[in-house]
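Below, chains carry the letters A, B, ... as their sequence lines are ordered, and counting in each starts from 1.
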Number of protein chains: 2
Amino acid sequence: MTTATASGRTLAHPEPGEIRLEAVLHALADPMRMRIVRDLAREEGAELPCSHFRLPVTKSTSTHHFRVLRENGVIRQIYRGTAKLSVLRRDDLDALFPGLLDSVLAAAARQAERLGTDEA
Amino acid sequence: MTTATASGRTLAHPEPGEIRLEAVLHALADPMRMRIVRDLAREEGAELPCSHFRLPVTKSTSTHHFRVLRENGVIRQIYRGTAKLSVLRRDDLDALFPGLLDSVLAAAARQAERLGTDEA
DNA sequence: GCCGTACTACGAGGTCTATCGTACGAGCAG
DNA sequence: CTGCTCGTACGATAGACCTCGTAGTACGGC
């Protein structure tokens, strides 16, 4: 439980009603972002810092991808100390688009297995 | 090239094994293309000519979007006379990514209803 | 107070995308 | 054959996107 040590730094997230399907699909259409989402889904409910994901890109690019995921309503991000923790917005997504996230994740897992592209 | 033998102008489609999830998601992330796919799904199995879709763009742009859908494995296209008919590749998509197409279509329908953006 | 860590902001480069307009080829109706 | 309709191809333009590097801010420990 993140006891919101709230430092005043707050990040803008779309309301559930603001989340658009095209935006979510677009966010998931990038391999790097799909990888992040898959990692988050694997540790359901876990709040992971950006540095936990060993992405093969620079930190600037990571920031960009996390921002896209957040602004499109796929993840939620909060600050805690110097770290920024990310969580999948499964509840909101499931409420808006039932079954979508699960089938996308299943499809990604299946394709990763098929192509042997399964990363950590 | 398009060295078409008069009766059988054939179009290149990806094999089922060539269809990539990111590509499918990317194809569906565009409102114009999502609209095409929804129309096709609504008349399941039907072969509809491009002209059936009254898209608010020029013909060049339509051609472009249909091409993207075809090259990414979402639809199949065949010539018949002067018309080019399009069909949803539901069988292949369902085999590759079970449930994906249905949940995306359901999500699109739900969002259209929510936003009152239902066209057609 | 000072420094290291974690992440951000801004700008730039290169690529991709969506859109259009115009010109062309393929088929069908006279 | 002549024209008409359907769709394609090519070129161009404007905008978005992914990537990076550098400089900067917030936080925690010394």
Side-chain angles (χ1 to χ4, degrees), chain A residues 2-13 20 22-37 47-72 74-87, chain B residues 1-13 20 22-37 40 47-72 74-87:
Chain A
T2 2
T3 47
T5 356
S7 45
R9 276 196 294 173
T10 6
L11 293 161
H13 293 77
R20 304 280 266 106
E22 318 90 76
V24 172
L25 292 179
H26 170 238
L28 295 175
D30 184 279
M32 210 65 66
R33 292 194 289 262
M34 175 64 87
R35 180 165 161 173
I36 294 172
V37 170
E47 299 172 321
L48 302 176
C50 300
S51 49
H52 173 268
F53 308 85
R54 299 300 179 71
L55 302 176
V57 290
T58 63
K59 279 203 265 195
S60 311
T61 307
S62 289
T63 299
H64 163 67
H65 285 307
F66 278 100
R67 175 204 294 268
V68 171
L69 287 171
R70 173 170 49 83
E71 291 184 341
N72 289 343
V74 180
I75 66 172
R76 199 178 290 280
Q77 292 187 291
I78 49 172
Y79 282 107
R80 192 168 65 187
T82 72
K84 187 158 78 167
L85 306 179
S86 300
V87 203
Chain B
M1 293 302 212
T2 330
T3 39
T5 53
S7 75
R9 281 191 292 173
T10 13
L11 293 160
H13 293 77
R20 303 280 264 106
E22 318 93 75
V24 172
L25 293 179
H26 171 237
L28 296 174
D30 183 280
M32 210 66 64
R33 292 194 289 261
M34 175 63 88
R35 179 165 161 173
I36 295 172
V37 170
L40 284 172
E47 300 173 320
L48 301 177
C50 300
S51 49
H52 173 267
F53 308 85
R54 298 301 179 73
L55 302 176
V57 290
T58 63
K59 282 200 274 191
S60 311
T61 308
S62 290
T63 299
H64 164 66
H65 285 307
F66 278 100
R67 178 206 292 269
V68 171
L69 286 171
R70 174 170 49 84
E71 292 183 342
N72 289 343
V74 180
I75 67 173
R76 198 179 292 280
Q77 292 186 294
I78 48 173
Y79 281 107
R80 195 168 63 185
T82 75
K84 187 159 80 167
L85 306 178
S86 300
V87 203

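- Here the closest non-hydrogen pair linking B/Pro31 and A/Glu22 is CG-CG, 4.3 Å.
- A/Leu25 has its CG atom 17 Å from the C1' atom of C/dT17, to the nearest Å.
- Nearest to the side-chain atoms of B/Thr58 among the listed nucleotides D/dG7, C/dC20, D/dG21 stands C/dC20.
- Between A/Asp30 atom CG and B/Leu25 atom CG the span is 11.0 Å, to the nearest 0.5 Å.
- For the side-chain contact (heavy atoms from CB on, under 4.5 Å) test with B/Leu85, the passing option among B/Leu48, B/Ile75, B/Ile78 is B/Ile78; the others fail.
- Rounding to whole angstrom units, CD of residue A/Gln77 and C1' of C/dA6 are separated by 13 Å.
- Between the P atom of D/dC6 and the CG atom of B/Leu85 lies a distance of 13 Å, rounded to the nearest Å.
- Between the C1' atom of D/dT8 and the NE2 atom of B/His65 lies a distance of 16 Å, rounded to the nearest Å.
- Checked against C/dC7, D/dT19, C/dG21, the side chain of B/Ser60 finds its nearest nucleotide in C/dG21.
- The 12-atom threshold is exceeded at NE2 of B/His13, counting heavy atoms of other residues, nucleotides or ligands nearer than 6.0 Å.
- Rounded to whole angstrom, the span from the CG atom of B/Asp30 across to the P atom of D/dA16 amounts to 14 Å.
- Here the side chain of A/Pro49 is nearest to one of D/dC18, C/dC7, C/dA18, namely C/dC7.
- In this structure, A/His64 reaches the bases: a heavy-atom distance under 4.0 Å links it to at least one base atom across the strands shown.
- Contact annotation for B/His26: backbone-only contact, meaning every heavy-atom pair under 4.0 Å involves sugar-phosphate atoms and none involves a base.
- Atoms CG (B/Asn72) and C1' (C/dC16) sit 13 Å apart, rounded to a whole Å.
- Across the protein-nucleic acid pair, A/Ile78 atom CD1 and C/dA6 atom C1' stand 15 Å apart, rounded to whole Å.
- Note on A/Thr61: every side-chain N or O is 4.0 Å or more away from OP1 and OP2 of D/dC18.
- Where A/Thr82 and A/Lys59 each meet DNA chain D at their nearest nucleotide, the meeting point lying more 5' is that of A/Lys59.
- As rounded to whole Å, 16 Å separates atom P of D/dA16 from atom CD of A/Glu22.
- Within the 4.0 Å cut-off from OP1 or OP2 of C/dA6, not a single side-chain nitrogen or oxygen of A/Arg80 is found.
- Within the 4.0 Å cut-off from OP1 or OP2 of C/dC7, at least one side-chain nitrogen or oxygen of A/Ser51 is found.
- Out of D/dT8, C/dC7, D/dC18, the shortest distance to the side chain of B/Tyr79 is found at D/dT8.
- A side-chain N or O of A/Thr58 and one of A/Thr61 form a donor-acceptor pair less than 3.5 Å apart.
- Between C/dC7 and A/Arg67, no contact under 4.0 Å exists linking OP1 or OP2 to a side-chain N or O.
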